[in-house]
Structures are given as C-alpha cells and as structure tokens.
Amino acid sequence: MSQDAGETDPAVWERITEAGIRLLRIPTPFQVGRVNTYLLEDEPLTLVDSGPNSGKALDELERQLDALGHGIEDLELIVVTHQHIDHLGLVDILARRSGAEVCALDLLAPVIEHFAEEAERDDELAEALMLRHGIPRDVVSALRSVSRSFRAWGGSSTVAHPLADGSTLEFAGRSLEVLHRPGHSPSDTLFHDRERKLLIGGDHLIGHISSNPLISRPLGGRSGEPGAGRPRALMTYMESLRATRAMPIETVLPGHGEPVTDHVKLIDERFALHERRAAKIGGVIAEQPMSAYEIAQSLWGNVAVTQAYLTLSEVLGHVDLLLDRGAIRESEIGGVIRYEAG
Ligand SMILES: [Zn+2]
C-alpha cells in the first residue's frame, strides 16, 4: 500500500532536512501502515503528531529520536494535526515525560481533552447513521465493539495552547500559519510555512491513497444528529481541497506515505476520482432505488459488511454530490433512507 522512501527525489528530502524537519515513521496496528510524525529541529523543539498509544510505537519513536540525537525528554512542544488515534494516541505519554506543551486547533482541543467521551458520541452518530441507511443491526453492533476495542490506541491529554484558524505559530526559525481544512476529519489542521512553500498536512492530502472523508460529528458543539441534517463530509473535504489547490506550495508533508510535490495535479486526480465514483453510484441508483448499504454492497460486495462505516461514508459522500446537483432524490421507507434517480 505504501511507497518506499526510494520513490521520492533525494533533492526533496534534502530541502526538507534543510528546513530542519525530520521524518519519523511510527508503526500502527491499522491497515494504513505507519504514520508519519515530524520533528521540527527549531526552538521550541517540536513533534508534529505522535503515533498510536502502544509500547511498540513508543519504542520506535524513542529509537528514531535517539538516532537523530534527541530524547523524548527534549521535546518542548507537541502539535496535533487531527483527531484520529494513529496521530494522537501517544501525545499524553510524550507530554508527561518531556513536559512539552500540547497545541492543537481550538475546535480540536476538547476532543483531545475528553477522548473517550467524544469517541463514544462519535459512535452514537455512526450507529444511528448506519441503521438509517439500511445496515443490519447485528453488523452495527459488531462494528461498535470493534470501535470500542480500538479506543485503547487513543488517549486524552491537556491542550495548553488552543490555536485559532488563521493564527500563526512562531518558532525561532519559522512561522507556521494554522489553517482549518476539515473533510478527512472535522479537525484537519494544516501548518503552512509560507517562506519555504511547505505544508505540514496531516491526512488532508496523501499521495498513495485518497483520504476517505469519514462522516463524523461536527466540532464546536453543533448538532450532529442525523435528523438535523448529517454532515456532508465529502463536500466539505472537496471545498477544503479547492482552497489548498490555490496555495503556492512546493511540498506537502503528509501523515502517511511520501511527500507530495505536485499538489495541484494530485488534487485534480482526486476530483476526477470522485466524479467517476459519483457517476458510477448514479448509474447503480438509476437501475433501481436503493439504500446506501445496498449501493455499497453492489460496489464492494462483502467489504461493505466488514468495513460498513467506511463504505457507507464513501457512498453518502458521493450521494451528497448527486443530491446537490439534483441528479437523485431521497425517500424514506420504514425508517430507512433510499435513493432513486431524480
Ligand atoms: Zn486521519
């Protein structure tokens, strides 16, 4: 799934190293493979993201820091790019051992501070959405247990510095502009080094996989109840990508895989992919009205069962594009939403 480091032009790595940025690839138990964390050798000494909460991840992080001449105790600041557990699980352990202060987008701060409660409420939304879109109750219950068991890879921490969208994080040797670009998750935050045309991007833009916009509760206390209109994650994500596309950047440092050096081309490929997928889903619905679960099954077979929430999010994201254009319409039968050609 992931590329090996050899595929990136060495000149790109040289520029990144010259910028005082070191990549640490930390293992995760998830399908995505290793997560990228970045050490900014600046004042304060900063780690962007942390890896999941596991002894293996902690060992690797410590070993890789050591190879760069640093210890966990040297860390002074920890920055979190978004709310997913492969990025924030170790934050608290690292902050306690080093005394580093944690900073994150202001909307993300409460999610980091109350991780388990927030995760539980996310699961409630997911459960309601899955039932409403035709996923059988036994599949929903099974997924809820899986999700609970994953929670141990996350963890809460105190956020000393909540960051406002549009604010600037100042270091001795750089300024990073803080940009809220939700979609992959509601808290996706980019850190833009304008001078170096460089973006620390979390999972907003990944070279080798299209970042699935998972449907999640909106942040900031807004209602995420399905009845109040479910979040339109893919549309939010595409709007964020359009804003990123317009930026004059040369390098994106992603949360997984290799640096992205042509963000405009990659974003255009993503737009084309979503158009193709929307057209395919439109074609499936044109044959007969279907629930989102039935659409997912017709596209992905059994994966729609084992990865029910992921594939549901994927279908609903594209359904939103079609609804927005008036190409399809939705109706409700017995509490389950169905889609048909408009
Ligand atoms: Zn993520």
Side-chain angles (χ1 to χ4, degrees), residues 1-28 30-42 45-52 57 60-61 64-65 67-68 70 78-82 84 86-88 169 171 173-179 181 183-185 188-213 237 240-273:
M1 206 164 178
S2 63
Q3 303 168 320
D4 53 341
E7 289 179 41
T8 296
D9 185 342
V12 172
W13 285 119
E14 241 167 70
R15 276 207 307 276
I16 294 166
T17 307
E18 267 168 30
I21 301 176
R22 315 303 294 259
L23 166 64
L24 294 79
R25 296 184 200 265
I26 306 303
T28 80
F30 308 114
Q31 204 182 351
V32 70
R34 288 184 181 241
V35 61
N36 293 341
T37 72
Y38 295 96
L39 183 73
L40 310 184
E41 291 182 314
D42 203 330
L45 184 70
T46 300
L47 188 69
V48 181
D49 286 342
S50 74
E60 280 260 3
L61 184 75
Q64 293 183 38
L65 278 174
L68 296 169
H70 303 283
I78 298 169
V79 176
V80 184
T81 61
H82 68 295
H84 290 159
D86 46 338
H87 297 261
L88 62 72
L169 204 49
F171 298 81
R174 80 198 67 217
S175 301
L176 297 178
E177 196 181 347
V178 178
L179 299 167
R181 292 279 163 80
H184 163 73
S185 86
D188 296 337
T189 314
L190 311 182
F191 297 89
H192 181 206
D193 185 334
R194 213 174 261 276
E195 193 191 320
R196 295 181 179 86
K197 296 185 185 336
L198 190 140
L199 195 64
I200 300 174
D203 291 356
H204 174 64
L205 193 59
I206 299 173
H208 65 293
I209 37 172
S210 95
S211 300
N212 287 305
Y237 181 47
S240 290
L241 284 179
R242 273 188 281 275
T244 301
R245 191 186 184 284
M247 291 169 74
I249 40 181
E250 288 175 356
T251 313
V252 181
L253 299 177
H256 303 273
E258 295 298 295
V260 173
T261 50
D262 192 346
H263 70 297
V264 170
K265 179 163 168 271
L266 183 60
I267 290 170
D268 286 345
E269 283 170 15
R270 294 290 183 261
F271 286 150
L273 167 84

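Side-chain contact between Leu68 and Leu39 is present, with heavy atoms from C-beta onward closer than 4.5 Å. Looking at heavy atoms from C-beta onward, Leu47 lies in side-chain contact with Leu61 at the 4.5 angstrom threshold. Here the side chains of Leu176 and Leu40 are in contact, with some heavy-atom distance below 4.5 Å.
Between Tyr237 and Pro213, the closest heavy-atom pair is CD2-CG, 3.8 Å. Nearest heavy atoms, Ile206 versus Val260: C-CG2, 4.5 Å. Listed here is the closest heavy atom pair of Val80 and Asp49: CA-OD1, 3.5 Å. In this structure, Leu45 and His70 approach most closely via the heavy-atom pair CD2-ND1, 3.7 Å. In plain terms, the two heavy atoms of Val252 and Pro254 that are nearest each other are O-CD, 3.2 Å. In terms of heavy-atom proximity, Ile26 sits nearest to Pro52 at CG2-CD, 4.3 Å.
At least one donor-acceptor pair under 3.5 Å links the side chain of His263 to the backbone N or O of Met247. A donor-acceptor pair is defined here as one N or O able to donate and one able to accept, closer than 3.5 Å; no such pair exists between the side chain of Ser210 and the backbone of Arg270. Not a single donor-acceptor pair under 3.5 Å links the side chain of Thr251 to the backbone N or O of Leu198. A donor-acceptor pair is defined here as one N or O able to donate and one able to accept, closer than 3.5 Å; no such pair exists between the side chain of Thr46 and the backbone of Asp42. Looking at Asp193, its side chain never comes within 3.5 Å of a backbone N or O of Leu199 through a donor-acceptor pair. In this structure, the side chain of Glu177 does not engage the main chain of Phe191 through any donor-acceptor pair within 3.5 Å.
Between atom OG of residue Ser240 and atom CG of residue Leu179 there is a gap of 10.0 Å, rounded to the nearest 0.5 Å. Distance CZ/Arg181 to OG1/Thr189: 11.0 Å, rounded to 0.5 Å. For the atom pair CG (Leu253) and CD1 (Ile200), the distance works out to 6.0 Å, reported to the nearest 0.5 Å. A distance of 9.0 Å separates CG of Asp188 from NE2 of His87, quoted to the nearest 0.5 Å. Within the model, atoms OG1 of Thr261 and CG of Asp9 stand 8.0 Å from one another, a figure rounded to the nearest 0.5 Å.
A salt bridge does not link Arg196 to Glu18: none of the charged side-chain nitrogens sits closer than 4.0 Å to a carboxylate oxygen. Salt-bridge check for Asp262 with Lys265: failed, with every basic side-chain N at 4.0 Å or more from each acidic carboxylate O. Salt-bridge annotation for Asp86 and Arg34: absent, with no side-chain N of the basic residue lying under 4.0 Å from a carboxylate O of the acidic one. Salt bridge Arg174/Glu195: absent, no basic N to carboxylate O contact under 4.0 Å.
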Would you please test Arg15 and Glu250 for side-chain contact (heavy atoms from CB on, under 4.5 Å) and show each step?
-> CA-CA 10 Å; Arg15 276 207 307 276; Glu250 288 175 356; 4.2 Å; yes
Yes or no on side-chain hydrogen bond (donor to acceptor under 3.5 Å, both in side chains) for His208 and His256, after CA distance, side-chain angles and deciding distance?
-> CA-CA 9 Å; His208 65 293; His256 303 273; over 6 Å; no
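For His82 and His204, the ring centers sit 6.0 Å or farther from each other.
Screening Leu23, Thr8, Val12, Asn36 for a side-chain contact (heavy atoms from CB on, under 4.5 Å) with Glu258, the sole residue that qualifies is Thr8.
The side-chain tip of Arg242 points at the ring of Phe271 from less than 6.0 angstrom away and within 45° of straight on.
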